[in-house]
Protein chains: 2
Amino acid sequence: MKVSMKDVAQRAGVSTATVSHAINKTRFVRAETKKKVLKVMKDLNYYPNFAARSLRTRKSNIIGLLVPDISNFFFISIAKGVESTLKKYGYNLIFSNSNENLENEIEQIKIYNTQLVDGLIVAPVSADHTFLNELFSGYYPVVFIDRKPKGYKGDCVLGNNTKGAYDAVSMLIKKGHTKIGIITGLPGLTTTEERLNGYKKALTDHGLKINKNLIKVGDFRV
Amino acid sequence: MKVSMKDVAQRAGVSTATVSHAINKTRFVRAETKKKVLKVMKDLNYYPNFAARSLRTRKSNIIGLLVPDISNFFFISIAKGVESTLKKYGYNLIFSNSNENLENEIEQIKIYNTQLVDGLIVAPVSADHTFLNELFSGYYPVVFIDRKPKGYKGDCVLGNNTKGAYDAVSMLIKKGHTKIGIITGLPGLTTTEERLNGYKKALTDHGLKINKNLIKVGDFRV
DNA sequence: ATGAAAGCGCTAACAC
DNA sequence: GTGTTAGCGCTTTCAT
């Protein structure tokens with residue numbers, strides 16, 4: 001049988017409250033008592049039950065990360081950064097993949113809605129996200145990254161794609177170039193649209209014409 | 001306030017047992033009753049509480065994956081495969097990184113020991129793992145991949161590195177080559193050692209001498 | 001075909 | 001400085 005806090009308490013001759021407080025440093029426990037408790041914990045190879053603690057405290061110390069492509073280097077580097085920062089604060093990462101598919105994204109969000117996570121980071125698929133207004137219970141914080149969820153107003157962390165493209169094109173123009181092309185990302189992504197807008201605006205602002213033949217669609221998803 | 005099963009039951013005029021069974025299809029519920037329950041669930045935007053369910057059933061439907069390098073393509077492709085297979089069976093993936101550091105590995109295993117996961121997949125760091133014999137409570141299944149944990153006898157899924165290297169070298173020899181080098185992975189890894197053994201054995205078996213100058217250490221971690 | 005209620009293992013308010 | 005105990009939200013046994 002799995003050893004519970006009660007077992008530890010009994011063997012140490014204290015109450016579960018004392019064990020709990022010894023573990024969590026949430027009220028004073030006499031040094032001697034604490035030492036005894038810790039020893040028993042070790043002897044019995046005791047680990048507090050995650051589910052019970054989580055149920056009681058309403059915290060899971062888990063953050064969800066939902067990305068559209070788990071093998072894309074861009075999203076992996078995000079996952080890496082998120083994971084290492086979370087661990088620093090005692091959190092864990094649940095990593096999930098919508099695979100650029102709206103159904104998958106919705107299914108995964110429903111799982112997160114079970115209070116599995118204390119917070120969620122999403123790089124949304126390219127689609128209308130008005131439905132999020134009712135899907136999100138509002139009981140845990142959500143932040144979107146990289147792409148903007150269309151039709152939903154929530155916190156986002158985004159690159160300034162328009163300005164990036166604008167500046168890049170302006171730079172080329174200033175260097176004397178006039179025939180400037182762009183390979184865009186996948187159509188429909190906000191990043192794609194924003195960069196294309198920046199490209200076009202830079203050309204127009206500098207008196208250059210937009211040549212459709214110089215605009216090619218690539219397979220970038222970030 | 002977060003809506004609980006009790007709220008759903010009250011609003012639907014049934015007991016929590018019925019709600020539970022309607023959700024889980026775990027005993028017959030009259031079609032009409034079920035329909036009413038489902039509607040109330042939707043109306044109230046109800047999602048079952050993960051922690052409560054997990055506490056009661058002693059299942060989390062979460063599998064842990066612990067790898068030594070989260071940005072290594074090899075481990076990422078493993079993560080991708082694991083994640084998609086898990087999702088197919090209704091499981092989630094907790095993704096963690098030991099960063100080739102034994103302390104991190106141990107810390108993370110302790111977290112998993114809180115019954116957070118129903119199972120664990122580990123690509124261990126290169127170090128003695130005898131300590132696992134007492135660290136693992138034995139209450140959840142663990143499988144090691146890619147590298148063999150030294151000093152611990154447990155389930156592993158490994159490549160046949162010795163034979164792979166042996167065959168590769170033998171092939172070169174059969175083609176008439178005699179000056180055959182190897183760039184190994186990091187020293188200490190079981191994969192490195194096994195491949196080196198295969199390399200050496202192939203040379204010896206075919207009557208060739210081992211030339212230390214032809215053995216170079218690379219930075220491969222898989 | 002459904003309900004009542006115990007209990008999973010913790011935390012924290014209250015008591016002393 | 002420590003103990004008692006209610007209760008978190010489910011699942012499931014025992015009733016009916």
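Residue numbers begin at 1 in each chain, while the letters A, B, ... track the order of the sequences. Note that the coordinates shown come from a computational prediction; the quantities given were computed from them, not determined experimentally.
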Original post:
Tell me: CG of B:L44 to P of D:dG9, nearest whole Å?
Top reply: 14 Å
Original post:
How many Å lie between CG on A:L116 and C1' on D:dG9, as a whole number?
Top reply: 15 Å
**OP:** Round to a whole Å and report the spacing from CZ of B:R58 to C1' of D:dT11.
**Re:** 12 Å
**OP:** Round to a whole Å and report the spacing from OH of B:Y139 to C1' of C:dC8.
**Re:** 16 Å
Original post:
Does C:dG3 have OP1 or OP2 sitting under 4.0 Å from an N or O in the side chain of B:S15?
Top reply: yes
**OP:** Among the candidates C:dT2, D:dG7, C:dA5, find the nucleotide nearest to the side-chain atoms of B:A17.
**Re:** C:dA5
**OP:** Between D:dC10, C:dA1, C:dC10, spot the one nearest the side chain of B:N49, thanks.
**Re:** D:dC10
Original post:
Looking only at atom types and distance, does a side-chain atom of B:S54 sit under 3.5 Å from a main-chain N or O of B:K59, one as donor and one as acceptor?
Top reply: yes
Subject >> Touch class at under 4.0 angstrom, heavy-atom based, for B:S20 against every strand present >> reply: base
Subject >> Below 4.0 Å: OP1/OP2 of D:dT11 and any side-chain N or O of B:R53 >> reply: yes
**OP:** Remember a base hit wins even if backbone is also touched, and classify A:T16 as base, sugar-phosphate or nothing at under 4.0 Å, heavy atoms.
**Re:** base
**OP:** Could you tell me the separation between the NE2 atom of B:H21 and the P atom of C:dA4, rounded to a whole number of Å?
**Re:** 14 Å
**OP:** Answer yes or no: side-chain N or O of B:R27 and base N or O of C:dT2 forming a donor-acceptor pair under 3.5 Å.
**Re:** yes
Original post:
Within the side chain of B:R27, is there an N or O that forms a donor-acceptor pair under 3.5 Å with the backbone of B:H21?
Top reply: no
Original post:
For A:Q10 and C:dC10, what is the distance between atoms CD and P respectively, to the nearest whole Å?
Top reply: 13 Å
Original post:
From C:dA13, C:dC10, D:dT12, pick the nucleotide closest to the side chain of A:Y46?
Top reply: C:dC10
Original post:
Would one find a side-chain N or O of B:T18 under 4.0 angstrom from OP1 or OP2 of C:dG3?
Top reply: yes
Original post:
Distance-only, no hydrogens or angles: does the A:N113 side chain make a donor-acceptor pair with backbone N or O of A:L135 under 3.5 Å?
Top reply: yes
**OP:** Measure the distance from NZ on A:K25 to P on C:dA12 and round it to the nearest whole Å.
**Re:** 15 Å
Subject >> Side-chain N,O (A:S54) to OP1/OP2 (C:dC10) below 4.0 Å >> reply: no
**OP:** Calculate the interatomic distance between B:L55 atom CG and C:dG7 atom C1'; express it in whole Å.
**Re:** 9 Å
Original post:
So, B:K6 and B:T16: side-chain donor and acceptor under 3.5 Å apart, yes or no?
Top reply: no
**OP:** Take B:L65 and B:I94 through the side-chain contact (heavy atoms from CB on, under 4.5 Å) test and state the conclusion after the steps.
**Re:** CA-CA 6 Å; B:L65 176 62; B:I94 288 201; over 6 Å; no
Original post:
Where the side chain of B:R56 is concerned, which of C:dG7, D:dC8, C:dC14 is the nearest nucleotide?
Top reply: C:dG7
